[in-house]
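Below: the structure, in structure tokens.
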Amino acid sequence: MSKKRIIARIDVKNEFVIKGIHLEGLRKVGDPNELAKNYYESGIDEIIFMDAVAAYYDRNSLSHIIKKACDDVFVPITVGGGIRTVENIQTALNSGADKVAINTQSVKDPSFITHASKTFGSQCIVASIDAKCIGDRKWEVYVDNGREPTGLDVIEWAKKLELLGAGEIMLTSIDYEGTKKGFDLQLNKAVIEAVSIPVIASGGAGKTSDITELMVESNVDAAAVASLFHYDLVTISEVKLGLSAEGIKVRM
Amino acid sequence: MSDIHEAFFGLPQEVKFCKKCVISNQRPSSTVEFKNEKGEKKSVINFSDDGICSACIFQEEKETGIDWVSRDEQLRKLLSPFRSNDGSYDIIVPGSGGKDSAYTAHVLKYKYGMNPLTVTWAPHLYTDIGMKNFQEWMHTGGLDNILYTPNGKLHREMTRNAFHNLLHPFQPFIVGQRIIGPAMAKRFGVKLVMYGENQAEYGNAIEENSNPIMNMDFFSSEDPLEMKFGGVSMQEYINTGKYSIDDFAPYIAPKQQDLIDSGVEVHYLGYYLKWDPQECYYYAVENTGFEANPVRTEGTYSKYSSIDDKIDPFHYLTTLIKFGIGRCTYDAAQEVRNGKITREEAVYLVKKYDAEFPSKYLKEFLAYIETSEVDFHKILDAHRSPHIWKRNPDKSWSLRHEVE
Amino acid sequence: MINIAVIDYGLGNTKSITSALEKSGVRVSLTNVRDDILLCDGVILPGVGAFSHAMDRLISQKLDGLIREFVGTGKPLLGICLGMQMLFEQSTEFGVAKGLCLVPGQVQRLERCDGSAEKLPHVSWSGISTKRTSDWNGTILESIDSDEDMYFVHSYYAKPANSSDVLSLSRYADLEFCSTVKHNNIYGCQYHPEKSAVAGLRVINNFVTICKG
């Protein structure tokens with residue numbers, strides 16, 4: 001069985017790390033490169049940098065942060081937020097990112113995922129889904145950083161993204177993210193069962209047992225965590241030790 | 001050919017934008033709403049000689065010029081003599097369960113040990129998210145509440161008149177909202193009323209910020225029959241024969257002397273605690289079960305501000321029509337001042353969202369004020385001041401001045 | 001100071017490789033220029049994406065012959081991820097595509113059963129192991145612990161024709177596949193040492209040491 005991955009999700013606005021709740025709010029919590037370096041040195045498996053305001057300003061501008069990160073951080077780096085064209089992807093990869101996360105553009109133009117994965121390889125392309133619960137076991141896809149509903153069903157959309165050529169799915173629960181109340185297990189399980197590509201669960205971790213529960217209860221491949229680490233609630237070692245104790249295999 | 005265009009409402013002829021935030025000098029200051037009548041001259045936000053608005057100037061003071069530790073002590077000293085020890089309510093907190101009142105009530109109870117009764121002047125038409133947050137305020141926040149819903153028939157007619165006569169549909173609501181705090185205090189024998197932030201933070205006369213107490217003019221009247229709702233006085237409503245003075249029970253502002261005699265004091269928490277609306281959002285989520293709007297609010301980029309009333313968007317539409325500034329300008333200006341976004345970003349957002357037409361609840365609003373869509377647009381257009389709007393050859397409207 | 005060339009043919013995360021090499025104190029050039037490459041003390045062939053697409057690029061820039069020429073000098077070459085796969089004879093991705101034929105063997109797809117817990121692509125930190133760690137002395141895996149985790153992200157794997165070329169094995173579902181290959185002066189890592197934290201940096205450092213000769 002593959003080892004599970006613990007990923008630090010760093011949402012960035014200009015030169016700050018920010019942390020919102022329900023994908024809203026721009027509270028500053030640190031410096032992106034400092035946090036990335038700390039997490040790397042503490043044993044994080046991967047880092048995801050999200051441009052939190054790319055949707056507002058029709059831009060994406062994390063290149064300088066990624067370049068600097070590559071000087072100090074030698075684990076995989078994913079960049080997301082405002083990835084709209086092949087040039088955007090090339091710029092991100094040239095800056096040192098290994099993968100890009102794409103959400104809004106994939107909804108506007110699904111063929112973009114196919115084109116991107118053929119050009120760069122599917123392992124480079126993480127399809128990002130922001131999900132909002134709209135009923136019993138029903139979730140809707142949102143775009144523009146959790147602002148605009150699309151009418152798409154999350155499960156059907158996840159299946160489609162796999163067919164289009166995405167290499168992984170990053171699934172964020174808008175309802176749970178930032179709340180530190182735990183992951184949306186129903187949502188994660190439903191998507192994991194629907195696809196055969198790796199799924200990264202994002203949104204809601206408030207304590208180690210939230211991540212343990214997620215990994216015991218579902219076949220998720222990775223957990224992306226923000227508040228838990230940014231607010232220093234738990235260390236990465238504590239999380240990995242906790243998972244190990246429950247028999248979950250992780251890189252120590 | 002003269003470049004001077006008429007300025008309605010006595011607004012400043014020259015349109016200027018603050019160099020620090022994005023508000024314009026057309027922004028009206030708070031006023032005693034029940035004296036508001038058609039054709040009245042508006043007083044507006046002040047700009048310094050170097051083009052900075054008074055709200056930004058006050059923000060600087062908030063950052064460096066105020067000793068918040070001593071203000072906190074002042075708050076504790078204020079609250080101490082009022083604090084009950086027999087389970088009775090000792091402070092009234094008016095609000096709807098939005099982020100500001102959620103924060104105010106919760107922090108007063110759980111940090112400062114008071115026993116608040118929250119009182120809600122019901123929104124015209126609750127949104128789903130508004131009702132949910134209102135309920136959570138009680139159930140998760142652990143607070144008591146009285147929801148006061150005024151006579152809908154009258155309230156609708158007043159709102160309709162306010163829209164038609166003043167292009168200010170919220171006017172009657174604001175009257176009631178300001179009265180309910182002190183009125184409930186009087187009824188419950190509670191002396192202290194605490195609102196959230198002082199509107200002065202957003203650009204009223206800066207001296208108002210050095211006063212924690214709300215001016216009694218806002219919620220008291222010597223002659224209630226002269227109070228105006230939608231530009232029509234209480235007496236005139238009664239004269240139509242459709243209403244009696246009984247229908248105006250919620251709106252009859254207490255007399256100043258009565259308030260003084262009963263010892264009612266109305267304070268702003270924003271005087272004592274450094275106010276940051278976005279931090280109120282975080283606090284409300286973490287403590288009172290607050291949830292942001294699931295979708296972006298029309299006319300702006302944000303999801304956490306003013307989301308409980310379906311009429312809200314039309315309030316901001318009317319500020320756009322009358323003063324050239326919409327919801328996004330208000331939100332963005334506040335967030336620039338509080339260091340969440342840069343002015344450059346604010347300008348971008350204003351250009352992107354400020355003029356967005358609020359179509360989501362249009363049908364409901366028109367039904368509420370019993371006005372046809374054609375008349376709705378006629379009234380909007382009649383209030384477009386020529387110094388702010390120009391009519392294009394294709395009959396559409398454009399702002400003469402946009403923030404840069 | 002020694003010089004290492006990272007082949008620039010437009011594919012692969014070269015930024016991280018160059019950063020990692022710089023950390024090891026070498027002069028790095030990202031290049032496709034013949035003379036620069038032939039004069040270097042060691043060469044790294046990165047690669048990410050599709051086998052046939054990458055091979056087409058190498059061939060169109062005449063880098064395939066150049067790589068073979070460099071290998072002929074006896075100086076060390078390290079292929080990373082797709083770069084490792086291209087060292088072999090062929091791959092079955094999108095039909096049959098010919099590789100550089102520098103190492104006997106072929107490249108085929110990882111198999112996944114429906115409903116299996118394993119996913120494709122194989123994106124994971126996985127252990128690299130050997131029966132005898134002494135086999136790793138003097139190689140790029142010197143002083144790496146057996147079963148040390150490295151970062152993998154791939155859907156295909158290489159099958160060396162000679163078991164003596166297999167330096168380390170890793171596991172995917174029921175399959176043990178070759179994760180590090182050594183064929184004379186040619187090395188290949190299926191994983192990304194430049195993304196495998198401290199252990200991965202040690203692999204790169206070892207390669208640098210070998211280049212020093």
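Chain identifiers are assigned alphabetically (A, B, ...) following the order of the sequence lines, protein sequences preceding nucleic acid strands; residue numbering begins at 1 within each chain. These numbers come from a predicted model, not from an experiment.
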Honestly, the part of C:T14 sitting under 4.5 Å from a heavy atom of chain A is neither

Whatever's closer than 4.5 Å to a heavy atom in chain A on C:H122 counts as side chain

| said: Could you check whether any side-chain N or O of C:K23 sits under 3.5 Å from a backbone N or O of A:D72, counting only pairs where one atom can act as donor and the other as acceptor? | reply: no

Note to self: Taking A:K4's backbone N and O only, do any of them form a donor-acceptor pair with C:W125's side chain (distance below 3.5 Å, no angle check)?
What the structure shows: no

Could you give me the CA-CA distance, side-chain angles and deciding distance for C:E118 and A:N219, then say whether side-chain contact (heavy atoms from CB on, under 4.5 Å) is met?
CA-CA 9 Å; C:E118 299 286 358; A:N219 191 23; over 6 Å; no

Please say whether more than 12 non-hydrogen atoms of neighbouring residues, nucleotides or ligands are located less than 6.0 Å from CD in C:E111. no

Which atoms of [X] are under 4.5 Å from chain C, going by heavy atoms: the side chain, the backbone, both sets, or neither?
X	answer
A:E193	neither
A:A97	backbone
A:R5	side chain

Side chains of A:Q123 and C:S155, donor plus acceptor under 3.5 Å: no

In this structure, NZ of C:K195 is separated from CG of A:D98 (nearest 0.5 Å) by 3.5 Å

| message | Between A:F74 and C:S19, is the side-chain contact (heavy atoms from CB on, under 4.5 Å) condition met? List the steps. | response | CA-CA 9 Å; A:F74 295 94; C:S19 279; 3.9 Å; yes

